[in-house]
K.L.:
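First the structure, which I've put down as structure tokens, then a few questions once you've had a look.
Below, chain A is the first sequence line, B the second, and so on; all start at residue 1.
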Amino acid sequence: MGAIYGLIGMGMNLIFNSTGGLNIAQGALVTLGAYAGVTFTVFLKLPVVPAAILTIAAMAIVGSIFGYLIYEPVRFAVPTRFMLAALGAGIFITEMAQIVWGPIPFVVPRFIRQSSLRFGNLVFDTQNLLILSVLLVVVAIIYMLLNKTQIGLMMRAVGQSKEVSALMGIPVRTIIRYTFALSTALATVAGVMAGPIFFVTPSLAVLMSKGFAAAVIGGFGRNVHGVIIGGFIAGVVEVFAAFFISSSYRDAWGFAFLILFLLVRPRGLFGEAAGEKA
Amino acid sequence: MLTIDGINVAYGKVQVLHDLSLNVKENEIVTIIGSNGAGKTTTLNAIMGALKPTKGKIDFLGKRMDQLDSNKIVASGISIVPEGRRVFPDFSVYENLLTGACVRRMHGTKLAEVENDIKRMYELFPRLKERHSQKAWSLSGGEQQMLAIARSLVSRPKLLLLDEPSLGLAPVLVREVFDIIKTINKDGTTILLVEQNANMALEHSDRAYVIESGKIVVEGPADELRHSEKVKKAYLGG
Ligand SMILES: Nc1ncnc2c1ncn2[C@@H]1O[C@H](COP(=O)(O)OP(=O)(O)OP(=O)(O)O)[C@@H](O)[C@H]1O
Ligand SMILES: [Mg+2]
């Protein structure tokens with residue numbers, strides 16, 4: 001669960017760093033990604049691996065179009081403009097999903113038939129193991145991409161200053177479009193992974209608030225690991241609070257924790273000290 | 001080499017440059033002096049393609065530049081040291097230098113070749129070498145200025161634009177910056193410099209322009225300008 005929050009948060013973090021705004025439509029993109037996954041597997045009956053590749057590729061294209069249509073027109077305005085545009089786009093996408101795929105939830109079959117693995121006395125749910133390993137692979141890929149490639153370098157440069165990046169000859173608009181593609185690909189992985197746990201319905205979009213919490217706990221910084229750990233903390237807090245206190249306000253406990261957390265560490269776990277930004 | 005021919009540049013409705021013309025010849029050091037808000041930075045940003053002139057044209061090496069995107073302009077051999085030594089604060093010295101080579105890398109230059117250039121920069125700026133993996137925000141003002149200059153050189157420019165490189169630096173460092181500019185120029189890079197530190201700039205330049213309210217009002221050999229009464233009064237403190 002925490003892994004899924006972490007993935008969503010990572011995507012929001014990428015966009016936040018390069019645009020300065022929150023992509024409120026990230027939840028809708030998670031939903032859309034999940035539906036895309038359903039379409040390729042359930043309707044088109046493709047095997048898992050090609051379906052996954054097609055889903056992610058298709059959604060990356062959707063993401064760059066999203067960036068082009070929603071972000072670019074407001075790129076010179078204050079970041080709240082982009083947040084409002086994204087809010088509208090998110091509602092639009094969710095409603096369209098409802099119309100295209102209908103209101104009835106899709107039950108997605110488990111990815112692996114055998115439900116648990118035993119290592120001595122330990123029993124693991126295969127579904128969770130799979131999610132965890134996907135997360136690790138994705139984090140490794142993102143880390144390499146951001147830190148070891150030319151595109152990653154340009155993405156991080158654009159995140160620090162669009163004007164200076166442009167003066168250095170970095171094609172800022174293209175790079176931001178790639179960032180949207182990447183972020184949407186992350187949302188899609190999250191949506192597909194969430195499918196078998198929550199069913200696929202437009203309400204998957206609410207996962208975004210958890211992803212946001214993950215990003216906040218991790219500190220909207222430049223680091224990937226903070227958000228992932230934030231995601232796990234959010235997941236763990238939720239489960240424990242539901243178990244020990246009351247399950248009927250499961251979500252509320254998570255946010256209560258978030259508020260408490262922000263009081264203690266306003267910049268997040270790994271947030272930078274104020275002076276560093278000067 | 002660079003010819004600006006009667007450009008008008010505006011921010012929205014506010015026109016800042018009015019029919020501005022200037023030229024830079026190969027291997028020259030040319031200075032633009034002018035007071036705050038005269039339009040010096042705007043001129044350099046227009047050359048870099050960050051602002052598009054509404055009239056007139058900009059030619060570089062016989063090719064028209066004024067409607068091209070910045071990455072094409074960098075690719076054709078112009079690079080800038082922006083005003084206020086704008087290095088990337090969260091990048092290490094090394095990563096900052098890599099960003100200078102983004103355009104070359106996109107055109108297929110190998111990383112090894114870029115790293116060779118970075119090594120040469122470390123020879124030119126030994127203090128940067130010591131701070132190779134240090135984050136740029138933690139460098140001193142002088143070191144950041146050196147880094148900003150080195151970053152632009154990694155793109156292997158034929159023409160280097162510098163926007164007030166001496167701003168806010170101690171006199172020793174100002175001298176050091178100008179020495180570096182001389183060295184870069186001797187190695188075959190043409191320089192277009194913007195300065196308020198007019199004395200020092202004129203001393204090191206071949207020719208100069210004086211800009212006032214977006215218009216060129218005086219131009220000529222640097223020595224001549226240094227001794228002109230008008231320039232002395234307005235820009236050299238009497
Ligand atoms: N982004 C902008 N939007 C609107 N007007 C601007 C902008 N940047 C500069 N100006 C205006 O353009 C004029 C010229 O500014 P410019 O920055 O080119 O001056 P400058 O000669 O570089 O001054 P300084 O010595 O202070 O750096 C000024 O009147 C300024 O107010
Ligand atoms: Mg200026």
Side-chain angles (χ1 to χ4, degrees), chain A residues 13-14 16-20 72 75-78 143-179 218-227 267-268 270-278, chain B residues 11-12 41 44-51 68-92 94-111 114 135-138 144 148 151-157 161 163:
Chain A
N13 194 30
L14 281 173
F16 180 76
N17 279 342
S18 61
T19 67
E72 287 202 13
R75 68 185 189 282
F76 295 121
V78 286
Y143 180 85
M144 295 297 284
L145 182 79
L146 286 179
N147 290 293
K148 306 284 173 207
T149 71
Q150 189 60 31
I151 291 230
L153 183 83
M154 293 194 278
M155 282 181 175
R156 288 183 297 142
V158 168
Q160 292 172 62
S161 167
K162 288 194 264 292
E163 296 94 65
V164 180
S165 298
L167 285 176
M168 293 299 117
I170 296 174
V172 175
R173 287 168 69 175
T174 313
I175 294 297
I176 290 184
R177 234 175 280 166
Y178 286 152
T179 310
F220 264 119
R222 268 122 199 148
N223 45 21
V224 176
H225 60 273
V227 183
R267 282 171 191 280
F270 302 94
E272 291 153 27
E276 296 180 6
K277 289 264 180 131
Chain B
Y11 293 99
T41 301
L44 295 192
N45 285 345
I47 298 173
M48 290 312 297
L51 296 163
L68 296 183
D69 284 338
S70 301
N71 60 341
K72 297 243 168 57
I73 292 170
V74 174
S76 72
I78 308 182
S79 85
I80 186 169
V81 179
E83 185 167 28
R85 34 175 181 279
R86 303 275 303 274
V87 293
F88 294 106
D90 294 330
F91 275 169
S92 66
Y94 172 71
E95 286 172 317
N96 264 287
L97 293 173
L98 280 183
T99 59
C102 279
V103 172
R104 287 173 63 205
R105 293 277 285 140
M106 284 187 285
H107 286 81
T109 304
K110 293 272 182 309
L111 182 62
V114 172
K135 290 273 194 281
W137 59 261
S138 68
Q144 288 185 12
R151 177 181 64 181
S152 303
L153 289 176
V154 175
S155 75
R156 291 209 181 164
L161 315 179
D163 197 342

K.L.:
Any heavy-atom pair between the side chains of A:P171 and B:M106 that's under 4.5 Å?
P.N.:
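Yes, side chains in contact.
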K.L.:
Of the backbone (N, CA, C, O) and the side chain (C-beta and beyond), which part of B:T99 lies under 4.5 Å from a heavy atom of chain A, both, or neither?
P.N.:
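Contact with chain A: backbone and side chain both.
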K.L.:
Over all heavy atoms of both residues, which pair between A:A166 and B:S70 is shortest? Give the atoms and the distance, please.
P.N.:
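Reported closest heavy-atom pair: O-CB, 3.3 Å.
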K.L.:
Rounded to the nearest 0.5 Å, what's the gap from CD on A:Q150 to CZ on B:R104? Could you check?
P.N.:
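One gets 11.0 Å once the value is rounded to the nearest 0.5 Å.
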K.L.:
What is the minimum heavy-atom distance between B:F91 and A:A157, and which atoms define it?
P.N.:
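Where B:F91 meets A:A157 most closely, the heavy atoms are CZ-N, 3.6 Å.
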K.L.:
Side-chain contact, heavy-atom cut-off 4.5 Å: B:V74 with A:M168?
P.N.:
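With C-beta onward as the side chain, the pair stays apart.
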K.L.:
Which atom names give the shortest non-hydrogen contact between A:G169 and B:V103, and what distance separates them?
P.N.:
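The answer is O-CG2, 3.4 Å.
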K.L.:
Pick from A:I170, A:I151, A:V164: which one has the most heavy-atom pairs with chain B under 4.5 Å?
P.N.:
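The answer is A:V164.
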K.L.:
Please determine, among B:N71, B:I78, B:L111, B:D69, the option with the most heavy-atom pairs under 4.5 Å with chain A.
P.N.:
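That would be B:N71.
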K.L.:
For the side chain of A:Q160 and the backbone of B:D90, is there at least one donor-acceptor N/O pair under 3.5 Å apart?
P.N.:
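Yes, A:Q160 side chain to B:D90 backbone: donor-acceptor pair under 3.5 Å.
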K.L.:
Are side-chain heavy atoms of B:N45 and A:L167 found at a separation under 4.5 Å?
P.N.:
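Heavy-atom side-chain distance check passes, below 4.5 Å.
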